[in-house]
Amino acid sequence: MKRDEIKSAIEKLVPDKEMEQRLAEKISQKQNNKFSMKRIAALAATIVIVTNLGIFGHKLVEKKATTPPVVSNSGEGINIPKIQLPNQKGSKANMIGLIVYEGRIYTQSGTKISPEYGKKLLGEKLGTTKGNIDEWSKQKDYAVEFASTIGIAEVYSVKGYDKSFRIMTYTNQEGIVNAEFFECFNGITIKSGEDVFGKLKIENNISSATLEKFESWNNNKQQYTELKNLQSLNNFIKELKNTTPYTQESLMNLFDNQGDANQKFIYITLKDGSEVQLRLFKNGYIFYNSSHCFFKMDNEAFHKFWNELN
């Protein structure tokens with residue numbers, strides 16, 4: 001088969017509803033497995049967003065289900081505009097998991113929660129998603145309250161968190177329970193790390209933490225090391241509020257510097273059972289997947305903590 005014929009065939013691949021349901025069920029069943037979800041997300045993303053044969057591995061993983069909104073620097077911080085529908089329709093559209101609530105667009109979070117702990121965090125029921133947005137939707141479809149790309153799910157506020165920042169879904173389909181956070185990090189201005197990490201409520205709220213090195217993460221080996229001495233971690237967390245934000249686009253080259261010496265992942269379990277993933281880069285950069293920004297920590301606390309992650 002010629003290259004053009006292969007390209008044409010791939011572009012016509014669109015997941016049907018049964019496939020979406022099977023993927024959703026697999027994700028639900030693997031809620032407590034950090035990296036089985038990565039593989040499933042990569043498979044779904046391949047089907048939905050393939051537009052040519054030149055896809056690079058790290059970009060597929062980083063996109064997960066979205067291309068981040070364009071962000072811009074200003075004297076007042078980094079402006080992250082509201083998410084807009086892509087101009088292209090059909091199989092070329094780059095869909096993301098999102099919910100529209102009170103004029104805000106919430107996208108799937110970089111913080112995970114198990115069904116057990118998610119049930120404890122259920123706040124006020126806010127409504128039920130409509131599942132009305134797909135690859136062929138128009139911009140006006142976003143204006144509908146509880147419009148979503150995730151199908152039908154009940155939406156709740158989250159105990160302990162501002163609902164203008166975080167909401168959650170909680171579903172029980174044929175005995176398979178799934179809890180998931182959605183966060184609003186668009187249509188805002190980020191001036192410092194406090195505008196992101198302060199909302200996550202990590203400081204003075206850590207229950208435990210684990211490390212995964214890049215080689216394990218990249219190859220889905222699921223090799224984790226518990227961080228038994230949390231003092232350096234706590235010192236590092238305290239400095240997150242003072243970090244300087246940079247646009248994701250301006251530092252995309254950091255993703256290319258792979259290997260254990262350049263990237264590490266920490267998973268911080270908070271006292272409410274939620275798990276925050278932070279991706280650390282050599283020389284003081286931190287990335288929280290939902291925020292679409294890098295944060296630079298010019299502080300000894302980062303280097304001390306980094307050097308202890310062996």
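Since we're looking at a predicted model, the values are computed, not measured.
Judged by distance alone, with hydrogens and angles left aside, the side-chain atoms of Asn172 form a donor-acceptor pair with the main-chain N or O of Gly175 at under 3.5 Å. Here the side chain of Ser207 pairs no donor or acceptor atom with the backbone of Leu270 at under 3.5 angstrom. With hydrogens and angles ignored, the 3.5 Å screen pairs no side-chain donor or acceptor of Ser157 with any backbone N or O of Lys163. Checking side-chain atoms of Ser216 against main-chain N and O of Gln223 turns up a donor-acceptor pair under 3.5 Å. In this structure, the side chain of Asp272 engages the main chain of Ser274 through a donor-acceptor pair within 3.5 Å. Side-chain atoms of Ser148 come within 3.5 Å of backbone atoms of Gly131 as a donor-acceptor pair (strictly under, hydrogens ignored).
The salt bridge (Lys or Arg N to Asp or Glu O under 4.0 Å) search around Glu145 returns none, not counting sequence neighbours. Listed by chain and number, the residues in a side chain to side chain contact (heavy atoms under 4.5 Å, CB included) with Val100 are Leu98, Ile105, Ala147 (sequence neighbours excluded). Under the salt bridge (Lys or Arg N to Asp or Glu O under 4.0 Å) criterion, Lys130 pairs with no residue at all, not counting sequence neighbours. Looking at residues two or more places apart in sequence or on another chain, you find no ring pair (Phe, Tyr, Trp, His ring centres under 6.0 Å) involving Tyr106.
Scanning both residues, Glu154 and Thr128, for their nearest heavy atoms gives CG-OG1, 4.1 Å. When every heavy atom of Gly284 is checked against every heavy atom of Ile286, the shortest pair comes out as O-CD1, 3.7 Å. A pairwise comparison of heavy atoms in Ala179 and Gly118 identifies CB-CA, 4.1 Å as the closest pair. Considering every non-hydrogen atom in both Ile78 and Thr247, the closest pair reads CD1-N, 3.5 Å.
When the side chains of ILVMFWY residues are joined at heavy-atom separations under 4.5 Å, either directly or via intervening members, Val155 and Ile113 end up in two distinct hydrophobic clusters. One hydrophobic cluster, built from ILVMFWY side chains closer than 4.5 Å, cannot hold both Ile133 and Val144; they sit in different ones. Using a 4.5 Å cut-off between side-chain heavy atoms of Ile, Leu, Val, Met, Phe, Trp and Tyr, with links allowed through other members, Tyr288 and Leu309 fall into the same hydrophobic cluster. Cluster membership for Leu121 and Ile167, using ILVMFWY side-chain heavy atoms within less than 4.5 angstrom, is not shared. Leu122 and Ile99 fall into different hydrophobic clusters, where Ile, Leu, Val, Met, Phe, Trp and Tyr side chains are chained together by heavy-atom contacts under 4.5 Å.
For Lys238 and Glu203, the salt-bridge test fails: no basic side-chain N is under 4.0 Å from an acidic carboxylate O. The residues Glu212 and Lys264 are annotated as not salt-bridged, no charged nitrogen and carboxylate oxygen being separated by less than 4.0 angstrom. Under the 4.0 Å criterion applied to side-chain N and carboxylate O atoms, Lys228 and Glu226 are not assigned as salt-bridge partners.
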Original post:
Can Thr189 and Asn79 be said to form a side-chain hydrogen bond (donor to acceptor under 3.5 Å, both in side chains), step by step?
Top reply: CA-CA 4 Å; Thr189 298; Asn79 301 315; 2.8 Å; yes
Subject >> side-chain contact (heavy atoms from CB on, under 4.5 Å) assessment of Ile237 paired with Ile206 >> reply: CA-CA 10 Å; Ile237 294 300; Ile206 298 174; 3.9 Å; yes
**OP:** Test Glu239 against Asn235 for side-chain hydrogen bond (donor to acceptor under 3.5 Å, both in side chains), laying out the working first.
**Re:** CA-CA 7 Å; Glu239 292 299 324; Asn235 292 338; over 6 Å; no
Original post:
Can you list the steps and then say if Ser232 with Glu308 is a side-chain hydrogen bond (donor to acceptor under 3.5 Å, both in side chains)?
Top reply: CA-CA 8 Å; Ser232 292; Glu308 292 180 2; 2.9 Å; yes
**OP:** Could you go through the salt bridge (Lys or Arg N to Asp or Glu O under 4.0 Å) check for Lys213 and Glu215 one step at a time?
**Re:** CA-CA 6 Å; Lys213 295 183 179 181; Glu215 195 272 339; over 6 Å; no
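Under 3.5 Å, the side chains of Lys296 and Thr243 contain no donor-acceptor pair of N or O atoms. For the residue pair Gln263/Gln258, the side-chain donor-acceptor check at 3.5 Å is not satisfied. For Ser109 and Glu183, the side-chain atoms include at least one donor-acceptor pair closer than 3.5 Å.
Between Phe305 and Ile266 the shortest side-chain heavy-atom distance falls below 4.5 Å. Between Asn242 and Asn299, the closest side-chain pair of non-hydrogen atoms is not below 4.5 Å. Inter-residue side-chain proximity for Thr169 and Ile150 is flagged as met; some heavy-atom pair is nearer than 4.5 Å.
Glu180 CD to Thr111 OG1: the interatomic distance, rounded to the nearest 0.5 Å, is 11.0 Å. The distance from the CD atom of Glu300 to the CH2 atom of Trp306 is 14.5 Å, given to the nearest 0.5 Å. Atoms OG1 and CD1, on Thr244 and Ile190 in that order, are 12.5 Å from each other to the nearest 0.5 Å. Considering CD1 of Ile188 and CD1 of Ile80, their distance stands at 5.0 Å, rounded to 0.5 Å. Atom CD1 of residue Ile268 and atom CG of residue Leu278 lie 4.5 Å apart, to the nearest 0.5 angstrom. Distance check, rounded to the nearest 0.5 Å: CD of Gln231 to CG of Asn234 gives 6.0 Å.
Atom OH of Tyr117 has 12 or fewer heavy atoms from other residues, nucleotides or ligands within 6.0 Å.
Seen from the ring of Phe181, Arg166 counts as a face-on cation partner, given the 6.0 Å and 45° thresholds.
Between Phe294 and Phe255, the ring-plane angle classifies as tilted under the 30° and 60° cut-offs. Using a 30° and 60° split on the angle between ring planes, Phe214 and Trp217 fall in the tilted class, from 30° to 60°.
The ring pair (Phe, Tyr, Trp, His ring centres under 6.0 Å) pairs that include a residue from residues 146-173 are Tyr101-Phe146, Phe165-Phe185, where partners are two or more places apart or lie in different chains.
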Run the side-chain donor-acceptor check on residues 195-202: report pairs under 3.5 Å with partners two or more places apart or on a different chain.
unit_1, atom_1, unit_2, atom_2, d
Asp195, OD2, Lys191, N, 2.6
Asp195, OD2, Ser192, N, 3.2

